[in-house]
Number of protein chains: 2
Amino acid sequence: MTGHTQRGQCAKRLSILEAAAEVFCNQGFAGASIDEIAAAACVSRQTIYNHYREKETLFVAVVEDVMNRANAMLFSMLSTFPDNADNLEDDLTAFVVRLNRNCICNHDGKFLRKLVQMEGERYPHLFESWRQHGPGKLTTALSALFARLAHKGALVIDDFDVAARQFVALGNADLQMTVLFGGMPTDGELEKAARNAVRTFLKAYGRPGPEKASPQPQLATVSG
Amino acid sequence: MTGHTQRGQCAKRLSILEAAAEVFCNQGFAGASIDEIAAAACVSRQTIYNHYREKETLFVAVVEDVMNRANAMLFSMLSTFPDNADNLEDDLTAFVVRLNRNCICNHDGKFLRKLVQMEGERYPHLFESWRQHGPGKLTTALSALFARLAHKGALVIDDFDVAARQFVALGNADLQMTVLFGGMPTDGELEKAARNAVRTFLKAYGRPGPEKASPQPQLATVSG
DNA sequence: GACGTTTTAGACAATGGCGTCTAATTTTAC
DNA sequence: GTAAAATTAGACGCCATTGTCTAAAACGTC
């Protein structure tokens, strides 16, 4: 190894991280065994100890890895905000669908939620970082978006932060159980959930003006 | 033992269940040790094996015990619904405060949430029962309440089930992080969160009629 | 006070996981 | 091709935990 190391290592590393994420997620930190991780990664136990000093080191590395992926995904999502106020309902709906699919209900989202619940108190620094870069970034960005839209007159909002948190909460309202048990909703469920969420959000915060926010005022909602 | 057994046992049983709940919640099933539970319960290890055949038996008993308490609490809450439409905002707010304090953010709520996340896949029957008797009962009851209120003309709702889920989701929107990390919000936070939730809910579903739903249309919201 | 039950402390074997070590083998770099 | 580095399988010591067992103590009831 003459300096820039990585290559054969890299494949093994990724294999280990992936397998460890799976096993930690299913068994928890205490329940996960290094041997099981090694087997799942098709790697010898010693190789794991070669890369990570001990079980805890591996665990922290796994969490950081998943967090990085999740953060990158969130960041790429936040750059696709709807910025003009035409088609606001459809744009927001599409955003919620993608947010739920790519950040909340996906593999990494499930992993982080489980881990925060299970080991959050044991690694406060790790999960404080998650909070800031995940939910924190999301609500901050949403808050800014809503401020822009309110400035344009497309929304009527008194507290942008509250509205942002409520937006996220509404986006998950119909998926709570699926999400809690780790399932992935179907495309249809994602679509329905997002539509219900945005419809209610706009009923509460949409401009009351030209009666355009909700096209069919009294039609039955797509039920969950 | 002359027939109806229980008495000295009962105290020990409760002590064991309480301690086990604490330890299981903090360490997870795999991480919890019988000795630690015994020590926390001020009981010898053999006594535990005397009441519960093995670790898993104890675990199931603990979950069922907590679920029963939580269900009883929820049931008592559901009987205190606001039923008349005057003071709807205040009544709903008070309900959300109590719901969050007594069912969502309290000890048992935290325990069940953690356990559902951690071990839900390993005990599907147990947690299906939780889902039905907990969140299921809650949204059903809320749905019925909203139907009554809509019938009276106090609310305008197209899909009662969706509205019920959204109501719960909004009630937690401002507390997500506190709840996730197992903390108990202060009274002030509970009050603010509930008020924000109900205000938004009524903006979306309140009768638009005599401009009474939101007393100060454009005043700043109590921010979270 | 006597008897049956429950509890207790501790010893005990069995299991399984962690982390180390070694010697052989494979991969990589040059 | 050769040397350095990485990987592997497996054995090993160590420790924690589970669940059993036993003999003594505490308890409750009559």
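Below, chains carry the letters A, B, ... as their sequence lines are ordered, and counting in each starts from 1. What you see is a predicted model; the values in this text were computed from it and never measured.
Taking only side-chain atoms of Arg45(B), from C-beta outward, the nucleotide of dG17(C), dT20(D), dA9(D) with the closest atom is dT20(D). Distances from the side chain of Gln46(B) to the nucleotides dT20(C), dT18(D), dT22(D) place dT22(D) closest. Closest approach to the Ile34(A) side chain among dA9(D), dA9(C), dC18(C) is made by dC18(C) (side chain taken as heavy atoms from C-beta onward). For His51(A), the listed nucleotide lying nearest its side chain is dT7(D); candidates were dT7(D), dT8(C), dG17(C).
Both tests do not hold together for Arg165(B) against Phe160(B): distance to the six-membered ring centre under 6.0 Å, angle to the ring axis within 45°.
Note: Phe127(B) and Phe181(A) fail the aromatic proximity criterion, with ring centroids not under 6.0 Å apart. Ring-centre distance between Phe111(A) and Phe24(A): not below the 6.0 Å cut-off.
To the nearest angstrom, P of dC15(D) lies 17 Å from CG of Asp35(B). Between the P atom of dC18(C) and the CD1 atom of Ile48(A) lies a distance of 10 Å, rounded to the nearest Å. Protein atom CD of Glu54(A) is 15 Å distant from nucleotide atom C1' of dC15(D), rounded to whole Å. With rounding to whole Å, Tyr52(A) atom OH is found 16 Å from dT20(C) atom P. Atoms CD (Gln27(B)) and P (dT18(D)) sit 11 Å apart, rounded to a whole Å. Going from atom OH of Tyr49(A) over to atom C1' of dG10(D) covers 15 Å, rounded to whole Å. We find that NZ of Lys12(B) is positioned 13 Å from P of dT6(C), with the value rounded to whole Å. Going from atom NZ of Lys55(A) over to atom P of dA16(D) covers 15 Å, rounded to whole Å.
The residue Ala32(A) sits close only to the backbone: its heavy atoms come under 4.0 Å of sugar-phosphate atoms, none of a base.
Here Asp90(B) pairs with Arg195(B) in a salt bridge; the nearest charged N to carboxylate O distance falls below 4.0 Å. Contact check on Asp35(A) versus Arg45(A) returns a salt bridge, with a Lys/Arg side-chain nitrogen under 4.0 Å from an Asp/Glu carboxylate oxygen.
At its two ends the helix from dG1(C)-dC30(D) to dC30(C)-dG1(D) runs along axes set 40° apart, each axis drawn from five pairs and the angle rounded to 10°.
In this structure, Cys103(A) and Met73(A) approach most closely via the heavy-atom pair SG-CG, 3.8 Å.
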Assess whether ring pair (Phe, Tyr, Trp, His ring centres under 6.0 Å) is satisfied between Phe59(B) and Tyr52(B), documenting all intermediate values.
-> CA-CA 9 Å; Phe59(B) 177 74; Tyr52(B) 306 97; over 10 Å; no
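Here Ser44(A) does not reach the OP1 or OP2 of dA9(D): none of its side-chain N or O atoms lies under 4.0 Å away.
Taking for each of Ala30(A) and Asn50(B) the nucleotide of DNA chain C with the nearest heavy atom, the 5'-most of the two is the partner of Asn50(B).
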